[in-house]
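I have placed the structure first, in the form of structure tokens, so that the comments after it can refer back to it.
All values reported here derive from a predicted model rather than from experimental measurement. Just so it is clear: chains get the letters A, B, ... in the order the sequence lines come, proteins before strands, and each one is counted from 1.
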Number of protein chains: 2
Amino acid sequence: MRNDTQASTKDQILDIAESHFATFGFAGTSLRGIIKEANVNVASVAYHFGSKDDLFAAVMQRFAAPVVEAQLNRLSSEMSQPNITLEKILRAFYEPPIQLVHSLGAKGEKLSLFLGRCHSEPEPIFSLVDSHFASCRNRFIDAFKALEPDKTESVYHWRFEFMLSLIVNFLTRHKNIMQRYQTSTDWNANDVVDMLCQFCLNGMSAQQIKK
Amino acid sequence: MRNDTQASTKDQILDIAESHFATFGFAGTSLRGIIKEANVNVASVAYHFGSKDDLFAAVMQRFAAPVVEAQLNRLSSEMSQPNITLEKILRAFYEPPIQLVHSLGAKGEKLSLFLGRCHSEPEPIFSLVDSHFASCRNRFIDAFKALEPDKTESVYHWRFEFMLSLIVNFLTRHKNIMQRYQTSTDWNANDVVDMLCQFCLNGMSAQQIKK
DNA sequence: GTCTATAATTCGATAGAC
DNA sequence: GTCTATCGAATTATAGAC
């Protein structure tokens with residue numbers, strides 16, 4: 001059926017796999033469904049990736065890891081400047097995924113769903129996902145701590161979680177949400193980043209957690 | 001194996017089904033796993049509930065519907081008072097699920113996971129879940145609108161989504177989160193409600209979305 | 001690297017005795 | 001209402017020819 005180069009078979013599988021994992025979740029995705037839509041044969045998944053778990057890990061590595069890398073690079077860049085602010089930290093977190101997803105069009109919508117939904121996967125996928133985002137979480141929590149060192153430890157953790165939950169919700173549901181109040185589902189990346197930052201920044205201001 | 005009354009067979013299945021759906025997601029849950037842990041036979045699920053979809057719907061109805069009902073009753077009560085504020089609306093949304101989950105102990109932890117994770121289920125479960133929460137969403141969006149009628153339509157929708165995303169994240173991940181900064185995973189319901197309300201209230205203040 | 005064929009499980013659902 | 005037995009379909013994974 002297919003006679004392209006070997007690279008495109010692997011990429012074809014990754015593309016469709018991301019789409020299926022995003023749409024149906026890990027457990028709801030079948031390798032047969034992927035290979036059928038990708039026009040490759042059953043054994044090619046095992047040959048190129050291994051098991052279903054391995055394929056998911058490959059999708060994570062290929063599509064999600066660059067996002068984390070961009071966030072961390074951006075954060076490092078901001079933290080090396082003298083006039084660091086909370087808003088700059090938030091923008092370092094929000095801008096890379098939002099702008100990447102938006103710039104990719106229809107493919108970005110799939111990536112968006114994948115990035116959002118992978119955070120609520122049951123075990124053992126949860127641990128795999130967490131291992132990809134642990135360094136990101138730790139670095140941003142450290143940034144919150146460095147900026148305002150006098151808060152309770154729990155404050156920094158919940159700041160990260162609230163910051164994360166807003167974008168997870170956006171990535172997973174923005175299409176459904178926008179359909180409720182407007183006919184188009186088009187959106188502007190800068191406006192979304194502003195909206196997330198604004199809400200999160202205000203939410204974090206004067207935030208204090210009882211012991 | 002079992003010789004209780006018929007009511008407890010049904011309840012037993014519901015309890016274990018909630019736990020499995022919460023832990024493994026809908027697609028990752030098997031009826032065989034449920035009936036094994038519930039010590040009932042395979043056919044009893046079909047007899048009492050019907051299909052796997054029907055069982056999920058029954059769990060939603062039994063465990064999630066009362067939460068929505070409590071939220072709406074609370075909101076109606078608040079809205080009938082003359083001195084309604086944004087914070088009172090937020091507390092009407094957050095307090096019923098948080099306090100119920102907390103009051104149920106280990107069973108509440110399962111309910112918490114179920115309530116959180118059901119919001120990110122793929123289709124066709126998403127539509128079922130959404131049908132249970134649509135009235136809640138509409139009523140709270142109306143409340144935001146009634147309180148501050150001069151904002152853009154999208155503002156009300158994103159307010160609800162942000163408010164929702166904070167509690168979904170809490171319900172799904174609080175155990176993991178707390179393990180990162182303290183040894184115990186015990187928590188105080190009032191403190192959590194305060195934390196969610198405070199963040200969300202500040203986030204909504206001065207919130208404005210570009211057209 | 002690609003493909004067919006199939007092994008080995010597991011699943012949801014149901015028939016039918018008690 | 002309960003239970004055993006089982007059907008038919010779907011799954012992951014792999015063996016082996018080309």
With distance as the sole criterion, is a donor-acceptor pair present between the side chains of A/Ser8 and A/Asp11 under 3.5 Å?
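Not at all, the side chains of A/Ser8 and A/Asp11 share no donor-acceptor pair under 3.5 Å.
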
Is there a donor-acceptor contact under 3.5 Å linking the side chains of A/Asn73 and A/Ser76?
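Judged by distance alone, the side chains do not pair up.
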
When you measure from the side chain of [X], which nucleotide among [options] comes out closest?
X	options	value
A/Leu31	D/dT14, D/dG1, D/dA13	D/dA13
A/Val42	C/dA13, D/dA13, D/dT11	D/dA13
B/Lys52	C/dG12, D/dG1, D/dT4	C/dG12

Whole Å only: how far is the [atom1] atom of [X] from the [atom2] atom of [N]?
X	N	atom1	atom2	value
B/Ile13	C/dA13	CD1	P	14 Å
B/Phe49	D/dT2	CZ	C1'	15 Å
A/Asp53	D/dT11	CG	P	17 Å
A/His48	D/dT14	NE2	P	16 Å
A/Ile35	D/dA10	CD1	C1'	13 Å
B/Lys10	D/dT2	NZ	P	11 Å
B/Lys36	C/dT10	NZ	C1'	13 Å
B/Asn41	C/dA17	CG	P	16 Å

Aromatic contact, A/Phe21 with A/Phe56 (centres under 6.0 Å)
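Under 6.0 Å, so yes.
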
Of A/Arg32 and A/Ala43, the one whose closest nucleotide on DNA chain C sits nearer the 5' end is A/Ala43

Within 45° cone and under 6.0 Å: B/Lys151 NZ/CZ vs B/Tyr156 ring:
no

Can you see if the side chain of B/Thr9 gets near the phosphate of D/dG1 - specifically, an N or O under 4.0 Å from OP1 or OP2?
no

Under 4.0 Å between a side-chain N/O of A/Ser44 and OP1 or OP2 of C/dT2, yes or no?
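No, A/Ser44 has no side-chain N/O under 4.0 Å of OP1/OP2 on C/dT2.
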
Determine whether B/Gln61 and B/His132 satisfy the following criterion, side chain to side chain donor-acceptor pair (under 3.5 Å), listing intermediate values before the conclusion.
CA-CA 8 Å; B/Gln61 186 61 34; B/His132 273 82; 3.2 Å; yes

